[in-house]
There are 2 protein chains.
Amino acid sequence: MIMTLNITFQALADPSRRKILEILKKKDMSVSEILKHFDITMPSLSHHLNILKQAGLVTFQRKGQELIYSLNLSVFEQTAKTLIKFFK
Amino acid sequence: MIMTLNITFQALADPSRRKILEILKKKDMSVSEILKHFDITMPSLSHHLNILKQAGLVTFQRKGQELIYSLNLSVFEQTAKTLIKFFK
DNA sequence: TAGATATTTAGACAACTATCTAAATTATAG
DNA sequence: CTATAATTTAGATAGTTGTCTAAATATCTA
């Protein structure tokens with residue numbers, strides 16, 4: 001759980017990644033769709049998505065040619081709870 | 001607040017810094033006292049303390065030659081609340 | 001199967017960061 | 001005031017990270 005916390009905070013530390021999460025909060029989206037909100041290349045976005053995936057903050061499922069990404073809210077909840085429990 | 005979140009997560013992303021916070025949870029401590037728990041040099045520790053200071057996660061007050069560092073719990077609480085509010 | 005579309009992987013590179021040693025600053029004690 | 005102790009600041013360096021271009025992989029459609 002400590003190790004997970006490490007990865008989670010590292011994932012959340014980047015503004016682009018937090019923006020991805022905000023965007024996905026509205027609805028599930030394909031990579032191309034997410035990309036429209038950014039001024040970076042597809043491989044860079046893919047890199048960020050990978051880090052978010054490793055942290056368990058997002059999941060995806062293939063739909064034809066597209067990969068549809070979704071938020072994994074339970075990890076946020078878990079992280080928030082850990083923060084609270086850890087320091088109170 | 002978004003900018004603050006940025007700095008906060010960045011501060012929390014480093015394991016050494018989270019360890020400092022854990023140590024300070026037990027009691028307020030001077031820099032030398034904190035250092036005993038680590039295998040890094042004093043300047044490195046000072047660097048980490050500086051980042052934690054900027055994030056508002058710790059505060060300090062001088063006591064003679066020593067600087068006594070303390071946790072600032074309210075920032076944790078705030079961060080946890082922001083996490084919860086933001087993603088639920 | 002060939003061509004088009006969506007995404008990832010590989011490899012390179014500049015910027016950032018954690019660490020170190022050495023020097024400077026701040027405060028106490030004699 | 002000088003020596004000592006505690007901490008920070010400065011400057012250098014190796015490792016990490018975010019970004020890019022180019023190439024590879026996976027899926028669909030004709």
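Chain letters run A, B, ... following the sequence lines, proteins first, then strands; residues in each count from 1.
The footprint of chain A on DNA chain C, defined by a heavy-atom cutoff below 4.0 Å, extends from dT5(C) to dT9(C).
The distance from the CZ atom of Phe9(B) to the CG atom of Asp14(A) is 12.0 Å, given to the nearest 0.5 Å. With values rounded to the nearest 0.5 angstrom, Lys27(A) atom NZ is found 11.0 Å from Ser70(A) atom OG. Atom CG of residue Asp28(B) and atom CD1 of residue Ile23(B) lie 13.0 Å apart, to the nearest 0.5 angstrom.
Contact annotation: Ser44(A) side-chain N/O to dC20(D) OP1/OP2 distance is under 4.0 Å.
At distances below 3.5 Å, at least one donor-acceptor pair connects side-chain atoms of Asn72(A) with backbone N or O atoms of Gly56(A). For Lys19(A) (side chain) and His37(A) (main-chain N/O), a donor-acceptor pair under 3.5 Å exists by modelled atom type.
Every residue two or more places apart in sequence or in another chain was checked for a salt bridge (Lys or Arg N to Asp or Glu O under 4.0 Å) with Lys36(A), and none qualifies.
A salt bridge is absent between Glu22(B) and Arg18(B): the closest approach of a Lys/Arg side-chain nitrogen to an acidic carboxylate oxygen does not fall below 4.0 angstrom.
Less than 4.0 Å separates DNA chain C from at least one heavy atom of each of the following residues of residues 26-42 of chain A: Ser30(A), Val31(A), Ser32(A), Met42(A). Remark: Arg62(A), Gly64(A), Gln65(A) in residues 54-70 of chain A come within less than 4.0 Å of DNA chain D through at least one heavy atom.
In this entry the distance linking CG of Leu45(A) with P of dT19(D) reads 10 Å, nearest Å. Rounded to whole Å, the distance from NE2 on His47(B) to C1' on dA14(D) is 14 Å. At whole-Å resolution of the value, CG in Asn6(A) and P in dT16(D) are 13 Å apart. If you take CG of Asp14(B) and C1' of dT17(D), they are 14 Å apart, rounded to a whole angstrom.
The side chain to side chain donor-acceptor pair (under 3.5 Å) analysis of residues 54-67 of chain A, with sequence neighbours excluded, yields no pairs.
Cluster membership for Ile68(B) and Phe38(B), using ILVMFWY side-chain heavy atoms within less than 4.5 angstrom, is not shared.
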What donor-acceptor contacts under 3.5 angstrom involve side-chain atoms of residues 46-53 of chain A, with partners at least two apart or in another chain?
from: His48(A); atom 1: ND1; to: Arg17(A); atom 2: NH1; distance (Å): 3.1
from: Lys53(A); atom 1: NZ; to: Tyr69(A); atom 2: OH; distance (Å): 3.3

### Task
Starting from the C-alpha separation in whole Å, work towards a yes-or-no answer on side-chain contact (heavy atoms from CB on, under 4.5 Å) for Ile20(A) and Leu57(A).
CA-CA 10 Å; Ile20(A) 293 172; Leu57(A) 291 165; over 6 Å; no
